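These notes are about the structure you will find just below.
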Amino acid sequence: MVKEKILVIGASGQIGVELTLALRKIYGNSQVVASDLREENPLLKGTGPYVSMDVMNKEMLHVQVIRQGITQIYLLAAILSATGEKNPNLAWSLNMQGLLNVLDIAREEKIHKVYWPSSIAVFGPTSPKKDCPQQTIIEPITVYGISKYAGEFWCNYYHHRFGVDVRSLRYPGLISYKSAPGGGTTDYAVEIFHEAIEENKYECFLSSDTYLPMMYMPDAIRATIELMEAPSSNIKVRTSYNVSGMSFSPAEIATEIGKCLPGFQISYKPDYRQSIADSWPQSIDDSVARNDWGWKEEFTLKTMTIDMLENLKP
Ligand code: NAD
Ligand code: SER
(Lines give C-alpha, C1' and ligand atoms only; values in the text may rest on other atoms or scores of the structure.)
(Ligands and ions follow the chains in the order given, each with its own letter.)
Protein backbone atom coordinates (compact mmCIF):
# COMPACT_ATOMS: atom_id res chain seq x y z
CA MET A 1 0.00 0.00 0.00
CA VAL A 2 1.31 3.51 -0.86
CA LYS A 3 2.17 5.61 2.19
CA GLU A 4 0.29 8.87 1.78
CA LYS A 5 2.09 12.18 2.40
CA ILE A 6 -0.34 15.04 2.89
CA LEU A 7 0.10 18.80 2.44
CA VAL A 8 -2.39 21.06 4.25
CA ILE A 9 -2.36 24.62 2.84
CA GLY A 10 -3.88 27.20 5.21
CA ALA A 11 -3.14 24.96 8.20
CA SER A 12 -3.06 27.79 10.77
CA GLY A 13 -6.71 28.76 10.17
CA GLN A 14 -9.98 27.83 11.86
CA ILE A 15 -10.38 24.52 10.01
CA GLY A 16 -6.72 23.94 9.18
CA VAL A 17 -5.54 23.49 12.76
CA GLU A 18 -8.13 20.85 13.63
CA LEU A 19 -7.96 19.09 10.27
CA THR A 20 -4.15 18.89 10.44
CA LEU A 21 -4.30 17.40 13.94
CA ALA A 22 -6.98 14.89 12.86
CA LEU A 23 -5.01 13.86 9.76
CA ARG A 24 -1.84 13.45 11.85
CA LYS A 25 -3.72 11.05 14.13
CA ILE A 26 -4.73 8.92 11.15
CA TYR A 27 -1.65 9.08 8.91
CA GLY A 28 1.13 9.78 11.44
CA ASN A 29 2.65 13.12 12.48
CA SER A 30 5.51 13.11 9.99
CA GLN A 31 3.19 12.25 7.07
CA VAL A 32 1.17 15.48 7.31
CA VAL A 33 2.97 18.71 6.34
CA ALA A 34 1.23 21.84 7.61
CA SER A 35 1.76 25.07 5.66
CA ASP A 36 0.50 28.64 5.82
CA LEU A 37 1.35 32.20 4.91
CA ARG A 38 1.21 33.19 8.56
CA GLU A 39 3.19 31.65 11.38
CA GLU A 40 2.56 28.14 12.64
CA ASN A 41 -0.46 28.02 14.95
CA PRO A 42 0.69 27.31 18.55
CA LEU A 43 -1.60 24.25 18.67
CA LEU A 44 0.37 22.68 15.81
CA LYS A 45 3.83 23.37 17.26
CA GLY A 46 5.74 20.17 17.94
CA THR A 47 3.10 17.93 16.37
CA GLY A 48 4.68 17.57 12.90
CA PRO A 49 6.41 19.31 9.98
CA TYR A 50 5.56 22.92 9.09
CA VAL A 51 6.56 25.00 6.06
CA SER A 52 5.90 28.68 5.55
CA MET A 53 4.38 29.04 2.09
CA ASP A 54 2.27 31.31 -0.12
CA VAL A 55 -0.14 29.30 -2.28
CA MET A 56 0.02 32.12 -4.86
CA ASN A 57 3.68 31.29 -5.46
CA LYS A 58 3.17 28.34 -7.78
CA GLU A 59 6.86 27.60 -8.24
CA MET A 60 7.49 27.40 -4.52
CA LEU A 61 4.41 25.23 -4.05
CA HIS A 62 5.55 22.92 -6.84
CA VAL A 63 9.04 22.60 -5.33
CA GLN A 64 7.57 21.73 -1.92
CA VAL A 65 5.22 19.12 -3.42
CA ILE A 66 8.16 17.39 -5.15
CA ARG A 67 10.65 17.83 -2.29
CA GLN A 68 8.25 16.48 0.34
CA GLY A 69 6.91 13.66 -1.87
CA ILE A 70 3.33 14.91 -1.44
CA THR A 71 0.53 12.53 -2.55
CA GLN A 72 -2.56 14.41 -1.24
CA ILE A 73 -3.33 18.15 -0.89
CA TYR A 74 -5.92 19.85 1.31
CA LEU A 75 -6.31 23.47 0.17
CA LEU A 76 -7.86 25.66 2.89
CA ALA A 77 -6.28 29.06 2.12
CA ALA A 78 -9.02 31.51 1.14
CA ILE A 79 -10.59 34.86 1.97
CA LEU A 80 -14.04 34.43 3.52
CA SER A 81 -17.31 36.23 2.87
CA ALA A 82 -17.13 39.32 5.11
CA THR A 83 -13.43 40.08 4.48
CA GLY A 84 -14.01 39.38 0.78
CA GLU A 85 -16.56 42.19 0.51
CA LYS A 86 -13.95 44.60 1.86
CA ASN A 87 -11.39 43.58 -0.76
CA PRO A 88 -13.12 41.85 -3.68
CA ASN A 89 -10.08 41.81 -5.99
CA LEU A 90 -7.88 40.14 -3.40
CA ALA A 91 -10.61 37.59 -2.56
CA TRP A 92 -11.09 36.69 -6.22
CA SER A 93 -7.39 36.47 -6.88
CA LEU A 94 -6.50 34.26 -3.87
CA ASN A 95 -9.59 32.06 -4.03
CA MET A 96 -9.22 31.40 -7.77
CA GLN A 97 -5.48 31.44 -8.42
CA GLY A 98 -4.70 29.43 -5.28
CA LEU A 99 -7.07 26.70 -6.47
CA LEU A 100 -5.78 26.72 -10.06
CA ASN A 101 -2.17 26.46 -8.84
CA VAL A 102 -3.06 23.40 -6.76
CA LEU A 103 -5.13 21.75 -9.50
CA ASP A 104 -2.35 22.27 -12.09
CA ILE A 105 0.31 20.80 -9.82
CA ALA A 106 -2.00 17.93 -8.86
CA ARG A 107 -2.43 17.13 -12.54
CA GLU A 108 1.29 17.37 -13.35
CA GLU A 109 2.51 15.44 -10.32
CA LYS A 110 -0.31 12.86 -10.36
CA ILE A 111 -1.39 13.76 -6.82
CA HIS A 112 -3.74 10.99 -5.58
CA LYS A 113 -6.40 13.23 -4.04
CA VAL A 114 -7.15 16.94 -3.57
CA TYR A 115 -9.58 18.45 -1.07
CA TRP A 116 -10.97 21.96 -1.56
CA PRO A 117 -13.93 23.37 0.39
CA SER A 118 -16.77 25.31 -1.14
CA SER A 119 -19.48 26.99 0.93
CA ILE A 120 -23.19 27.62 1.36
CA ALA A 121 -22.18 31.08 0.07
CA VAL A 122 -22.54 29.75 -3.49
CA PHE A 123 -26.29 30.15 -3.00
CA GLY A 124 -27.92 33.54 -3.52
CA PRO A 125 -31.25 35.29 -2.95
CA THR A 126 -32.92 33.32 -5.77
CA SER A 127 -32.05 29.91 -4.25
CA PRO A 128 -34.68 28.20 -2.03
CA LYS A 129 -34.44 29.47 1.56
CA LYS A 130 -35.47 26.22 3.27
CA ASP A 131 -33.83 22.83 2.65
CA CYS A 132 -31.86 24.25 -0.25
CA PRO A 133 -31.17 21.30 -2.59
CA GLN A 134 -27.90 20.14 -4.16
CA GLN A 135 -28.97 21.34 -7.60
CA THR A 136 -31.00 24.51 -7.80
CA ILE A 137 -30.85 28.12 -9.00
CA ILE A 138 -27.43 29.43 -7.92
CA GLU A 139 -26.84 33.19 -8.27
CA PRO A 140 -24.38 34.30 -5.54
CA ILE A 141 -24.12 38.03 -4.77
CA THR A 142 -20.82 38.08 -2.82
CA VAL A 143 -17.36 37.86 -4.40
CA TYR A 144 -16.69 34.96 -2.02
CA GLY A 145 -19.77 33.10 -3.30
CA ILE A 146 -18.86 33.80 -6.92
CA SER A 147 -15.30 32.52 -6.35
CA LYS A 148 -16.60 29.36 -4.66
CA TYR A 149 -19.09 28.62 -7.42
CA ALA A 150 -16.46 29.16 -10.13
CA GLY A 151 -14.06 27.01 -8.08
CA GLU A 152 -16.58 24.17 -7.99
CA PHE A 153 -16.65 24.13 -11.78
CA TRP A 154 -12.86 24.18 -12.02
CA CYS A 155 -12.77 21.11 -9.75
CA ASN A 156 -15.36 19.39 -11.92
CA TYR A 157 -13.40 20.32 -15.05
CA TYR A 158 -10.03 19.04 -13.75
CA HIS A 159 -11.69 15.81 -12.67
CA HIS A 160 -13.44 15.07 -15.95
CA ARG A 161 -10.79 16.47 -18.30
CA PHE A 162 -7.56 15.44 -16.52
CA GLY A 163 -8.67 12.75 -14.05
CA VAL A 164 -7.70 14.73 -10.91
CA ASP A 165 -9.48 13.13 -7.93
CA VAL A 166 -10.63 16.39 -6.36
CA ARG A 167 -13.41 16.33 -3.78
CA SER A 168 -15.34 19.12 -2.11
CA LEU A 169 -17.95 20.03 0.51
CA ARG A 170 -20.12 23.13 0.72
CA TYR A 171 -19.50 23.80 4.42
CA PRO A 172 -22.11 25.71 6.39
CA GLY A 173 -20.90 28.19 9.06
CA LEU A 174 -18.45 26.33 11.29
CA ILE A 175 -18.37 26.66 15.07
CA SER A 176 -15.23 25.77 16.99
CA TYR A 177 -13.20 26.67 20.08
CA LYS A 178 -9.59 25.79 19.11
CA SER A 179 -8.69 28.30 16.40
CA ALA A 180 -10.42 31.64 15.74
CA PRO A 181 -12.60 32.10 12.63
CA GLY A 182 -11.14 34.12 9.76
CA GLY A 183 -13.63 36.81 8.66
CA GLY A 184 -16.90 35.10 7.78
CA THR A 185 -20.54 36.14 8.18
CA THR A 186 -21.22 33.16 10.44
CA ASP A 187 -18.41 34.14 12.86
CA TYR A 188 -21.00 35.55 15.29
CA ALA A 189 -21.83 31.99 16.32
CA VAL A 190 -18.26 31.59 17.62
CA GLU A 191 -17.83 35.10 19.09
CA ILE A 192 -21.04 34.71 21.10
CA PHE A 193 -19.50 31.90 23.18
CA HIS A 194 -16.33 33.85 24.01
CA GLU A 195 -18.31 36.97 24.99
CA ALA A 196 -20.83 34.89 26.95
CA ILE A 197 -18.03 33.44 29.08
CA GLU A 198 -16.14 36.72 29.50
CA GLU A 199 -19.01 39.27 29.76
CA ASN A 200 -22.26 37.24 30.02
CA LYS A 201 -23.57 39.44 27.19
CA TYR A 202 -23.10 39.78 23.41
CA GLU A 203 -23.93 42.38 20.76
CA CYS A 204 -24.75 40.48 17.57
CA PHE A 205 -24.01 41.86 14.09
CA LEU A 206 -26.96 39.91 12.64
CA SER A 207 -30.64 40.37 13.52
CA SER A 208 -32.36 38.06 16.02
CA ASP A 209 -34.25 35.97 13.44
CA THR A 210 -31.44 35.40 10.90
CA TYR A 211 -31.46 31.63 10.42
CA LEU A 212 -28.31 30.15 8.86
CA PRO A 213 -27.00 26.63 8.24
CA MET A 214 -24.27 25.78 10.78
CA MET A 215 -22.10 22.83 11.82
CA TYR A 216 -19.91 22.00 14.81
CA MET A 217 -16.23 21.53 13.91
CA PRO A 218 -15.97 17.84 14.96
CA ASP A 219 -18.76 17.05 12.47
CA ALA A 220 -17.04 19.14 9.77
CA ILE A 221 -13.70 17.37 10.28
CA ARG A 222 -15.40 13.96 10.19
CA ALA A 223 -17.37 14.90 7.05
CA THR A 224 -14.13 15.95 5.34
CA ILE A 225 -12.26 12.79 6.24
CA GLU A 226 -15.22 10.52 5.39
CA LEU A 227 -15.56 12.21 2.00
CA MET A 228 -11.83 11.82 1.32
CA GLU A 229 -11.78 8.16 2.40
CA ALA A 230 -14.88 7.12 0.43
CA PRO A 231 -14.23 5.00 -2.68
CA SER A 232 -13.88 7.19 -5.75
CA SER A 233 -16.85 5.47 -7.41
CA ASN A 234 -19.13 6.78 -4.59
CA ILE A 235 -18.19 10.39 -5.27
CA LYS A 236 -20.71 11.22 -7.95
CA VAL A 237 -20.74 14.99 -7.38
CA ARG A 238 -17.48 16.51 -8.60
CA THR A 239 -18.50 20.12 -8.10
CA SER A 240 -19.21 20.15 -4.34
CA TYR A 241 -21.55 18.36 -1.92
CA ASN A 242 -24.18 20.08 0.23
CA VAL A 243 -23.62 19.03 3.88
CA SER A 244 -25.78 20.04 6.78
CA GLY A 245 -25.49 19.99 10.55
CA MET A 246 -28.05 22.33 12.13
CA SER A 247 -29.87 25.61 11.50
CA PHE A 248 -30.52 28.30 14.11
CA SER A 249 -30.94 32.05 14.60
CA PRO A 250 -28.99 34.34 16.98
CA ALA A 251 -32.05 34.39 19.28
CA GLU A 252 -32.12 30.59 19.44
CA ILE A 253 -28.43 30.15 20.20
CA ALA A 254 -28.70 32.88 22.86
CA THR A 255 -31.57 30.97 24.52
CA GLU A 256 -29.50 27.78 24.50
CA ILE A 257 -26.47 29.57 26.02
CA GLY A 258 -28.77 31.16 28.62
CA LYS A 259 -29.77 27.68 29.81
CA CYS A 260 -26.13 27.06 30.79
CA LEU A 261 -25.18 30.65 31.78
CA PRO A 262 -28.19 32.19 33.57
CA GLY A 263 -28.57 35.92 32.96
CA PHE A 264 -26.85 35.86 29.56
CA GLN A 265 -28.05 38.87 27.50
CA ILE A 266 -27.97 39.36 23.72
CA SER A 267 -28.54 42.64 21.86
CA TYR A 268 -28.61 43.26 18.11
CA LYS A 269 -26.80 45.77 15.90
CA PRO A 270 -26.90 44.43 12.32
CA ASP A 271 -24.13 45.70 10.01
CA TYR A 272 -23.05 45.04 6.38
CA ARG A 273 -22.94 41.31 7.10
CA GLN A 274 -26.75 41.22 7.46
CA SER A 275 -27.29 41.50 3.70
CA ILE A 276 -24.77 38.71 3.08
CA ALA A 277 -26.60 36.45 5.56
CA ASP A 278 -29.98 37.40 4.06
CA SER A 279 -28.80 36.21 0.65
CA TRP A 280 -27.99 32.69 1.91
CA PRO A 281 -30.37 29.76 2.57
CA GLN A 282 -31.61 29.14 6.11
CA SER A 283 -31.20 25.37 5.89
CA ILE A 284 -29.65 22.85 3.52
CA ASP A 285 -30.84 19.56 2.01
CA ASP A 286 -27.84 17.22 2.02
CA SER A 287 -29.62 14.02 0.97
CA VAL A 288 -27.20 13.51 -1.96
CA ALA A 289 -24.18 13.38 0.42
CA ARG A 290 -26.13 11.03 2.71
CA ASN A 291 -26.91 8.67 -0.19
CA ASP A 292 -23.53 8.77 -1.95
CA TRP A 293 -21.09 8.38 0.95
CA GLY A 294 -23.21 8.02 4.09
CA TRP A 295 -22.98 11.49 5.65
CA LYS A 296 -24.76 12.01 8.99
CA GLU A 297 -24.17 14.78 11.52
CA GLU A 298 -23.89 14.08 15.27
CA PHE A 299 -24.14 17.46 17.00
CA THR A 300 -27.34 19.43 17.62
CA LEU A 301 -27.56 23.06 18.79
CA LYS A 302 -27.96 21.81 22.36
CA THR A 303 -25.08 19.31 22.42
CA MET A 304 -22.78 21.74 20.55
CA THR A 305 -23.56 24.56 23.01
CA ILE A 306 -22.79 22.39 26.03
CA ASP A 307 -19.52 21.17 24.47
CA MET A 308 -18.40 24.69 23.44
CA LEU A 309 -19.00 26.13 26.92
CA GLU A 310 -17.36 23.14 28.57
CA ASN A 311 -14.21 23.61 26.46
CA LEU A 312 -14.05 27.42 26.73
CA LYS A 313 -14.56 27.57 30.51
CA PRO A 314 -11.61 29.34 32.16
P1 NAD B 1 -9.27 30.89 7.89
O2 NAD B 1 -9.28 32.28 7.38
O3 NAD B 1 -9.45 30.65 9.34
O4 NAD B 1 -7.92 30.16 7.44
C5 NAD B 1 -7.36 30.34 6.17
C6 NAD B 1 -5.86 30.21 6.32
O7 NAD B 1 -5.29 30.41 5.03
C8 NAD B 1 -5.25 31.27 7.26
O9 NAD B 1 -4.47 30.65 8.26
C10 NAD B 1 -4.43 32.14 6.33
O11 NAD B 1 -3.24 32.63 6.94
C12 NAD B 1 -4.10 31.16 5.21
N13 NAD B 1 -3.74 31.87 3.96
C14 NAD B 1 -4.30 33.02 3.49
N15 NAD B 1 -3.69 33.36 2.35
C16 NAD B 1 -2.75 32.42 2.10
C17 NAD B 1 -1.80 32.23 1.06
N18 NAD B 1 -1.69 33.10 0.05
N19 NAD B 1 -0.99 31.15 1.12
C20 NAD B 1 -1.09 30.26 2.14
N21 NAD B 1 -1.97 30.40 3.16
C22 NAD B 1 -2.78 31.47 3.14
O23 NAD B 1 -10.37 30.09 7.05
P24 NAD B 1 -11.14 28.74 7.46
O25 NAD B 1 -12.38 29.13 8.15
O26 NAD B 1 -10.21 27.78 8.10
O27 NAD B 1 -11.56 28.24 6.01
C28 NAD B 1 -10.83 27.28 5.30
C29 NAD B 1 -11.57 26.99 4.01
O30 NAD B 1 -12.90 26.54 4.32
C31 NAD B 1 -11.76 28.21 3.10
O32 NAD B 1 -11.71 27.79 1.76
C33 NAD B 1 -13.16 28.67 3.41
O34 NAD B 1 -13.74 29.35 2.34
C35 NAD B 1 -13.86 27.35 3.65
N36 NAD B 1 -15.07 27.50 4.46
C37 NAD B 1 -15.00 27.86 5.77
C38 NAD B 1 -16.16 28.00 6.51
C39 NAD B 1 -16.14 28.39 7.96
O40 NAD B 1 -17.20 28.62 8.56
N41 NAD B 1 -14.97 28.48 8.59
C42 NAD B 1 -17.40 27.77 5.91
C43 NAD B 1 -17.44 27.44 4.56
C44 NAD B 1 -16.27 27.28 3.84
N1 SER C 1 -18.53 30.74 7.35
C2 SER C 1 -18.33 31.20 6.01
C3 SER C 1 -18.53 32.67 5.93
O4 SER C 1 -19.34 33.18 6.67
C5 SER C 1 -19.27 30.51 5.07
O6 SER C 1 -18.55 30.12 3.97
O7 SER C 1 -17.92 33.28 5.12
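Every number for a ligand or one of its atoms is a count from 1 in the order of the listing. Fair warning: this is a prediction, and the values are worked out from it, not measured in the lab.
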With a 6.0 Å cut-off (strictly less than), is the heavy-atom count around [atom1] of [X], excluding the residue itself, greater than 12?
X    : atom1 : value
K129 : NZ    : yes
K25  : NZ    : no
K110 : NZ    : no

For the residue pair W154 and Y157, categorise the inter-ring angle as parallel (less than 30°), tilted (30 to 60°) or perpendicular (more than 60°). perpendicular
Kindly assign one of parallel, tilted or perpendicular to the pair Y188 and Y202, based on the angle between their ring planes and the thresholds 30° and 60°. parallel
In terms of heavy-atom contacts, P250 and I266 come closest through O-CD1, 3.9 Å
Could you check, using the six-membered ring where one of them is a Trp, whether W116 and Y74 have ring centers closer than 6.0 angstrom? no
Tell me whether T210 contacts the main-chain N or O of S249 through its side chain, where contact means a donor paired with an acceptor under 3.5 Å. no
I'd like the atom pairs linking ligand 2 to the protein - N or O on both sides, separation under 3.5 Å - with distances to 0.1 Å.
residue: ligand 2; atom: 1 (N); partner: T186; partner atom: OG1; Å: 2.6
residue: ligand 2; atom: 4 (O); partner: S81; partner atom: OG; Å: 3.2
residue: ligand 2; atom: 4 (O); partner: T185; partner atom: N; Å: 2.6
residue: ligand 2; atom: 4 (O); partner: T186; partner atom: N; Å: 3.2
residue: ligand 2; atom: 4 (O); partner: T186; partner atom: OG1; Å: 3.4
residue: ligand 2; atom: 6 (O); partner: S119; partner atom: OG; Å: 2.6
residue: ligand 2; atom: 6 (O); partner: Y144; partner atom: OH; Å: 2.8
residue: ligand 2; atom: 7 (O); partner: S81; partner atom: N; Å: 3.1
residue: ligand 2; atom: 7 (O); partner: S81; partner atom: OG; Å: 2.6

Answer yes or no on whether R167 is positioned over the face of Y115, meaning its NZ or CZ is under 6.0 Å from the six-membered ring centre and within 45° of the axis. no
Pairs under 3.5 Å, N/O atoms on ligand 1 and on the protein: can you put them in a table with the distances?
residue: ligand 1; atom: 3 (O); partner: Q14; partner atom: N; Å: 2.8
residue: ligand 1; atom: 9 (O); partner: G13; partner atom: N; Å: 3.2
residue: ligand 1; atom: 9 (O); partner: D36; partner atom: OD1; Å: 3.4
residue: ligand 1; atom: 9 (O); partner: D36; partner atom: OD2; Å: 2.7
residue: ligand 1; atom: 9 (O); partner: R38; partner atom: NE; Å: 3.0
residue: ligand 1; atom: 9 (O); partner: R38; partner atom: NH2; Å: 3.1
residue: ligand 1; atom: 11 (O); partner: D36; partner atom: OD1; Å: 2.6
residue: ligand 1; atom: 11 (O); partner: R38; partner atom: NE; Å: 3.2
residue: ligand 1; atom: 18 (N); partner: D54; partner atom: OD1; Å: 2.8
residue: ligand 1; atom: 19 (N); partner: V55; partner atom: N; Å: 2.9
residue: ligand 1; atom: 21 (N); partner: L37; partner atom: N; Å: 3.3
residue: ligand 1; atom: 26 (O); partner: Q14; partner atom: N; Å: 3.2
residue: ligand 1; atom: 26 (O); partner: I15; partner atom: N; Å: 2.9
residue: ligand 1; atom: 32 (O); partner: K148; partner atom: NZ; Å: 2.8
residue: ligand 1; atom: 34 (O); partner: Y144; partner atom: OH; Å: 2.6
residue: ligand 1; atom: 34 (O); partner: K148; partner atom: NZ; Å: 3.0
residue: ligand 1; atom: 40 (O); partner: L174; partner atom: N; Å: 2.9
residue: ligand 1; atom: 41 (N); partner: Q14; partner atom: OE1; Å: 2.9

